[in-house]
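The block underneath contains the structure these notes are about, expressed in C-alpha cells.
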Amino acid sequence: MAEPRSHWGSRFGFIVAASGSAVGLGNIWKFPYITGTNGGGWFVLIYLACILLVGLPILAAEIMIGRSSQKQPVVAFEVLQGRRTGWSVLGWMGIVAAFVIASFYIVVAGWTMDYTVKHLVDFSKPVRAEALERSLTYQANASFETLRDDLIEERSADLAAPMVASIENRLPPSTWTRFNDFNRAVEFDGGGGRSGRPEPVEPGIRRANLLIDPALAAAVASVEALQPELDEARATALSEATAAVDAMDPDEVRLEATTLYRHRLIGDRMAGTFTELLEDGWTSTFWAVLFMILTMAIVASGVGRGIELACRILMPVLIMMMVGMVLYAATLPSFGEALAFVFKPDANALKPSGVLEALGHAFFSLGIGLGALITYGSYQKSKGTLFGESAWIAGLDTGIALLACMMMFPIIFAFGQDPGAGPGLVFISMPLAFAEIGSGGIVLGAVFFCLLSFAAITSAISLLEVCTSYLIDRWEWSRLRSTLVIGLMITLVGALVAFSSGDGFLFSSWSSGFGMNFFDTLDFIASNWLLPLGGLLIAVYAGWFLPKRLRDAEVASGSPLAYGLWLFLIRFVAPSLVLVVLAQKIGLFDANEALYTLWH
Ligand code: TRP
C-alpha cells in the first residue's frame with residue numbers, strides 16, 4: 001500500500017519552495033556574467049521579454065500539469081491522458097536532464113562552499129600583504145614615465161573598446177569569420193617543414209596564395225577599408241587618455257597607477273587560486289559530496305518537513321543577505337555606473353546570439369523544461385490562483401537576478417574590473433574586490449558566498465526531487481531509499497565532473513574528442529537541448545493536448561483575460577520562439593548573420 005501523497009503546508013509554502021528551485025546559481029553566478037559579456041542594457045530587456053512571453057506561460061503550464069495529475073512527470077501524462085502515451089517521454093527526458101544538471105550543479109555549489117570557508121579563514125591575507133609590499137615598491141621606485149605610460153595604456157584601452165566595437169559591428173559576422181580564418185592562415189607556417197608537410201613560405205606569399213579566393217579577398221578588402229577608422233578611433237582614445245592623465249596631478253598619477261598595479265597582482269593570484277581549485281578534483285569532489293549530503297538530508301525529510309521547511313528558512317535569509325549586500329554596494333561611488341550598465345540599452349554591445357542565450361537562460365533560471373514544477377505542483381492541493389502563483393515565482397526569480405547584478409557590478413566597477421570577465425566573475429573578480437576591501441571584505445565575501453550556497457541548495461533540492469519522485473510514485477519506494485540511491489548516483493557522476501577540469505585524468509581524451517570538457521558537455525546537452533526541447537513539448541501539450549475540462553478546472557477562479565492571454569502565448573508564441581532557438585542550434589540559420597541582414 002502506497003503512502004498517501006505528501007502536500008505543501010500552504011500556498012505560501014509552495015511559492016517559497018518553487019522560488020527556491022528557481023533562484024539559484026543561475027541567478028547569481030550566471031546571469032550577471034552573461035549580462036556582462038552581452039554588454040548589459042538590451043540583453044536585460046530581452047531577457048525580461050523572454051521571461052514574460054515564454055518562461056511565465058510554460059511555468060504556469062508545468063504547475064497546471066502537476067496539480068491536475070497529482071503525479072510526477074512520467075506518471076502525470078498517463079494519468080491525464082488516461083493511458084500510456086508517447087508524452088511520457090517528456091517525463092523521462094526531464095529525469096535525465098535533472099540528473100545531468102544536478103551532477104555539475106553540485107560541483108559549482110561545492111565551490112561556493114569552499115569560498116565561503118576560504119573567506120571565513122581570511123585566505124587572501126598573504127595575497128594582500130604581498131601585493132601591498134610589491135605595489136609599494138613600485139610606487140617608491142617606478143619612474144614617472146613608467147607610471148604615466150601604464151595608466152595611459154589602461155585608460156586608452158577602456159576608451160577604445162566601445163568605439164572599436166561599434167565600427168566592427170558594421171560588417172556582418174560572416175565577414176569577420178572569414179577575415180579571422182584568413183589571418184590565422186597567413187600567420188601559420190603550415191607546420192614548419194616537418195616530415196610530410198610542405199616547406200614554409202614567406203607570409204607575403206601565403207597572403208597572395210589565399211587572396212585568389214574571391215570570398216576571402218572580399219572579406220579582407222572590407223576589413224581593410226575599416227582600418228583607417230579603427231586606427232583613428234584608437235588614436236582618439238589614446239590622445240584622450242593622454243590628455244586626461246596629463247591633466248592629473250603627478251601625485252594622483254602615481255597613486256592611481258599603483259592601485260592599478262596592485263589590482264593586477266591580486267587579480268593574478270585570485271585567478272591562480274580558482275584555477276587550482278578547478279584542477280584539483282579531490283577538493284572539488286569533497287565539497288560536492290558535502291553539498292550533496294545536505295541536499296539529500298533535506299529531500300529525505302519529506303515534502304513539508306524537508307523541502308518546504310528548508311526553503312522557508314533559507315529563502316528569507318538569502319534575500320536579507322542580498323539586500324544587505326546591495327545596500328553596501330549602493331554606498332560605492334560606482335553604483336550609478338553599474339545601474340547604467342545593467343539598465344541602459346547600448347545597441348552596439350548586443351549580439352543577436354545574445355538573444356538566444358537570453359531565452360535559454362530564462363529556462364534554466366526559472367527551472368522549467370524538465371518537469372521540476374510538475375513535480376512541485378503535484379504536491380499542491382488547492383486549485384485556482386495559478387497565474388498569481390506563477391507571477392510570484394517568476395517575479396522573485398527575475399528580481400533576485402537583477403538584485404544580483406546590483407550587488408556585484410558596483411563592486412566590480414569600484415575595483416576597476418571588467419564586467420565581461422565571464423564565468424570567473426564570481427570566483428575571481430569578486431574575491432579580488434573583497435581582498436581589496438580589506439578586513440571588512442572578509443565578512444562581505446563570506447556573506448556573498450554563503451548566500452550563493454543557500455541559493456544553490458534550494459535549487460539542487462528540486463533537481464534531486466524530480467528523480468526521486470519517480471521511484472516513489474512509480475515503484476513505490478520509500479522516500480529515504482529513493483533519495484539515497486539517486487543521490488549516490490548523482491554524486492558519482494559529480495565526482496567525474498569535479499575531475500574533468502584538470503588534466504591527466506580519464507577525461508583529457510574527452511576534452512579533445514568532444515571539443516569541451518566533461519563539465520561543459522553536460523551543461524551543453526542539458527541547457528541547450530533538453531530544457532528547450534522539454535519546454536517546447538510542455539507548451540504544445542498544455543496548449544493543444546491537455547483535455548480542456550482539466551485545463552479549465554485549473555484556472556476556474558482566475559480572470560478570463562489572463563486565461564485567454566496565457567492560452568495565446570502557450571499555443572503560438574512560446575512554441576514558435578523556442579523553435580527559432582532550436583533551429584539556430586541545429587544550424588538551420590545563423591542568428592547573428594540573419595539579424596545583421598535585417599538591420600542593414
Ligand atoms: N533554476 C536554478 C538556477 O537558476 C537551477 C534549477 C533548479 C533548474 N531546478 C531546475 C534548472 C530545473 C532547470 C530545471 O540555478
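Atoms within each ligand, like the ligands themselves, are counted from 1 in listed order.
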* Structure fact -> side-chain hydrogen bond (donor to acceptor under 3.5 Å, both in side chains) pairs touching residues 285-296, sequence neighbours excluded, are Asp114-Trp287
* Asked: Is a side-chain N or O of Ser459 found less than 3.5 angstrom from the main chain of Val23, in a donor-acceptor match?
  -> yes
* Which one holds for Ala22 and ligand 1: side chain close, backbone close, both close, or neither close, with close meaning a heavy atom under 4.0 Å? -> backbone
* **Check: Ala372 main-chain N/O paired with Ser462 side-chain donor or acceptor under 3.5 Å** => no
* Distance from atom 8 (C) of ligand 1 to nearest protein heavy atom, with residue and atom -> Gly367 CA, 3.7 Å
* Could an N or O of ligand 1 be found under 3.5 Å from any N or O of Leu25, whether backbone or side chain? -> yes
* Which residue, Leu522, Leu531, Val96, forms the side-chain contact (heavy atoms from CB on, under 4.5 Å) with Ile101? -> Leu531
* ligand 1 atoms in contact with Gly26 (distance to a heavy atom under 4.0 Å) -> 3 (C), 4 (O), 15 (O)
* Carboxylate-amine/guanidinium proximity below 4.0 Å for Glu357 and Lys30 -> no
* Asked: Is a salt bridge present between Arg474 and Glu78, judged by a nitrogen-to-oxygen distance below 4.0 Å?
  -> yes
* Asked: What atoms of ligand 1 come within less than 4.0 Å of a heavy atom belonging to Ser462?
  -> 7 (C), 9 (N)
* Asked: ligand 1 and Leu463, any nitrogen or oxygen pair closer than 3.5 angstrom?
  -> no
* Structure fact -> Contacts satisfying ring pair (Phe, Tyr, Trp, His ring centres under 6.0 Å) that involve residues 46-71 (not counting sequence neighbours) are Phe31-Tyr47, Tyr47-His361
* Structure fact -> heavy-atom search around atom 11 (C) of ligand 1 in the protein gives Phe364 O, 3.2 Å
* Any idea which atoms of ligand 1 are less than 4.0 Å away from a heavy-atom of Asn27? -> 4 (O)
* Asked: For ligand 1, which atoms have a heavy atom of Leu370 less than 4.0 angstrom away?
  -> 12 (C), 14 (C)
* Closest candidate by heavy atom, reference atom 5 (C) of ligand 1, pool Phe31, Tyr105, Trp29 -> Tyr105
* Is any N or O atom of Phe363, backbone or side chain, closer than 3.5 Å to an N or O atom of ligand 1? -> no
* **Aromatic ring pairing Tyr115/His119, orientation class (parallel under 30°, perpendicular over 60°, tilted between)** => tilted
* Any heavy atom of Ser21 sitting closer than 4.0 Å to ligand 1? -> yes
